[in-house]
Amino acid sequence: MMKIRVVTLAAALLTGVALNIRVGNGSTGAQDKSSSHEKATLIDTNKISEKQRRHSKLYKDYSSGLPSIPDQIKSGAPKVCIQSHTMILYPTELDFRGVLTELACGADAAVIVKVENKSSQFTDSKDFLFTDYEVMPEEILKNNPNGPIASNSTLTITRPGGFAKYKGVPVEARDDAFPPLKVGDKYLLFLRYIPESGSYQAVSSIASFEIGDKKATKLTKGNFRVAGEVNDLDAFLTEVRAAINSPCQKK
């Protein structure tokens with residue numbers, strides 16, 4: 001069943017609706033070339049950490065009600081590929097400074113990080129995957145007053161989707177609104193705090209930006225335009241800092 005709700009611009013940046021589309025057991029339709037470069041997590045359901053157990057319950061919107069991944073594999077599936085997309089009802093064109101201000105005001109923290117490690121696991125319903133990324137902060141643009149981030153600490157960022165093997169069978173789950181982070185790469189992330197685990201998740205599908213030597217690129221894939229968007233890294237970070245220092249409207 002698909003749940004749809006109409007939202008305003010401010011809410012659109014922070015909320016979404018997950019639509020799950022199953023791709024046949026043997027199909028590669030949900031796969032992307034990037035998966036061939038990812039290291040698959042070997043899932044052992046008897047070895048799940050308490051942090052992962054808590055995070056597995058965050059992805060109820062991704063449950064389709066169809067057979068679980070273990071059940072599909074038990075029935076003989078040679079591989080399982082699942083494609084999902086978080087639909088957020090954006091206006092046709094977004095204002096770049098407005099987007100950054102909404103993200104900055106909605107985020108508990110904004111941090112430039114380098115991805116050190118990652119591990120995928122089943123969601124609570126076991127019909128989708130999520131991935132916990134271990135990241136090292138390189139620059140803290142906005143800190144979390146309820147749990148200050150130290151520059152030399154390791155953070156856990158949880159995101160939908162992942163690439164794993166279960167009982168030797170490849171499993172891939174993807175949400176193009178939340179593309180996977182790559183180990184070794186750098187990102188600017190606008191984050192929401194998860195106090196139950198001391199971890200973080202993106203405040204929205206457009207809250208993650210890949211950081212290159214001289215360029216910043218938004219990760220999400222969506223049918224919308226951003227007016228006034230800048231990709232030059234220095235100019236981008238100047239806009240981000242201005243947004244963080246801008247007053248937020250009371251809700």
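Residues Met136 and Phe190 fall into different hydrophobic clusters, defined by Ile, Leu, Val, Met, Phe, Trp and Tyr side chains chained together at heavy-atom separations under 4.5 Å. A continuous path of Ile, Leu, Val, Met, Phe, Trp and Tyr side chains, each step under 4.5 Å between heavy atoms, connects Val99 with Phe236, placing both in one hydrophobic cluster. Under a hydrophobic clustering in which Ile, Leu, Val, Met, Phe, Trp and Tyr are joined whenever their side-chain heavy atoms come within less than 4.5 Å, directly or via other members, Phe209 and Leu219 fall into different clusters.
Taking CG from Asn146 and CG from Asn144, the interatomic distance works out to 5.0 Å, rounded to the nearest 0.5 Å. Here Gln83 contributes atom CD and Cys81 contributes atom SG; the two are 9.5 Å apart, rounded to the nearest 0.5 Å. To the nearest 0.5 Å, atoms CG (Asp127) and OG (Ser68) are separated by 7.5 Å. Note that the CD atom of Glu239 and the OG1 atom of Thr101 stand 9.0 Å from one another [nearest 0.5 Å]. Atom OH of Tyr133 sits about 13.5 Å away from atom CD of Gln201, to the nearest 0.5 Å. Expressed to the nearest 0.5 Å, how far CG of Leu155 lies from CG of Leu191 amounts to 7.5 Å.
At a threshold of 4.0 Å, the pair Lys118-Glu134 does not count as salt-bridged, since none of the basic side-chain nitrogens sits closer than that to a carboxylate oxygen. Salt-bridge formation is detected for the pair Lys57/Asp124: a Lys NZ or Arg NE/NH1/NH2 atom is positioned less than 4.0 Å from an Asp or Glu carboxylate oxygen. The residues Glu172 and Arg174 are annotated as salt-bridged, a charged nitrogen and a carboxylate oxygen being separated by less than 4.0 angstrom. In summary, Glu139 and Arg241 engage in a salt bridge, as defined by a charged side-chain N under 4.0 Å from a carboxylate O. The pair Lys186-Glu138 meets the salt-bridge criterion, with a side-chain N (NZ, NE, NH1 or NH2) lying under 4.0 Å from an Asp/Glu carboxylate O. Between Glu229 and Lys218 a salt bridge is recorded (basic side-chain N to carboxylate O distance below 4.0 Å).
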task = Could you please spell out the steps behind the side chain to side chain contact (heavy atoms under 4.5 Å, CB included) verdict for Ile140 and Ile112?
result = CA-CA 6 Å; Ile140 302 167; Ile112 295 176; over 6 Å; no
message = Between Leu129 and Ile82, is the side chain to side chain contact (heavy atoms under 4.5 Å, CB included) condition met? List the steps.
response = CA-CA 9 Å; Leu129 298 177; Ile82 309 167; over 6 Å; no
Residues Val203, Arg192; criterion side chain to side chain contact (heavy atoms under 4.5 Å, CB included); working and verdict = CA-CA 5 Å; Val203 297; Arg192 179 184 293 116; 3.9 Å; yes
request  = Go through Ser125 and Tyr59 one step at a time and tell me if the side chain to side chain donor-acceptor pair (under 3.5 Å) criterion holds.
outcome  = CA-CA 9 Å; Ser125 56; Tyr59 299 98; over 6 Å; no
task = Kindly determine whether Glu116 and Thr154 satisfy side chain to side chain contact (heavy atoms under 4.5 Å, CB included), including the steps that lead there.
result = CA-CA 9 Å; Glu116 302 286 340; Thr154 300; 5.8 Å; no
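At a threshold of 4.5 Å between non-hydrogen side-chain atoms, the residues Leu189 and Ile157 count as touching. With a 4.5 Å cut-off on side-chain heavy atoms, Lys165 and Ile43 do not count as touching. Two residues are said to be in side-chain contact when any heavy atoms from C-beta on lie closer than 4.5 Å; Leu141 and Val240 meet this criterion. Counting only heavy atoms from C-beta outward, the side chains of Tyr187 and Val111 never approach each other to under 4.5 Å. Proximity of Lys114 to Val135: side-chain heavy atoms (C-beta onward) are nowhere separated by under 4.5 Å. Two residues are said to be in side-chain contact when any heavy atoms from C-beta on lie closer than 4.5 Å; His55 and Phe130 meet this criterion. Side-chain contact between Leu233 and Lys215: absent, with no pair of heavy atoms (C-beta onward) separated by less than 4.5 Å. Looking only at side-chain heavy atoms (C-beta outward), Ile194 and Leu58 come within less than 4.5 Å of each other.
Judged by distance alone, with hydrogens and angles left aside, the side-chain atoms of Ser63 form no donor-acceptor pair with the main-chain N or O of Lys60 at under 3.5 Å. Looking at Tyr200, its side chain never comes within 3.5 Å of a backbone N or O of Asp108 through a donor-acceptor pair. Under the 3.5 Å distance criterion, the side-chain polar atoms of Asn143 are left unmatched by any main-chain donor or acceptor of Pro148. In this structure a side-chain-to-backbone donor-acceptor pair under 3.5 Å is present from Gln72 to Pro67. With hydrogens and angles disregarded, no donor-acceptor distance shorter than 3.5 Å links the side chain of Thr41 to the backbone of Ala164. In terms of modelled atom types and a separation under 3.5 Å, the side chain of Ser120 and the main chain of Gly162 share no donor-acceptor contact. Between the side chain of Ser246 and the backbone N or O of Ala242, at least one donor-acceptor pair lies under 3.5 Å.
The two residues Phe178 and Ala202 have their closest heavy-atom pair at CE2-CB, 4.3 Å. Looking at every heavy atom in both residues, Ser153 comes nearest to Ile149 through OG-CG2, 4.1 Å. Of all non-hydrogen atoms in Phe96 and Val230, the two that sit nearest each other are CE2-CG2, 3.6 Å. Pro78 approaches Pro170 most closely through the heavy-atom pair O-CD, 3.6 Å.
When only modelled atom types and interatomic distance are considered, Asp132 and Thr156 share no side-chain donor-acceptor pair under 3.5 Å. A donor-acceptor contact closer than 3.5 angstrom links the side chains of Arg159 and Ser208.
Here Tyr166 and Phe122 bring their ring centres to under 6.0 angstrom of each other.
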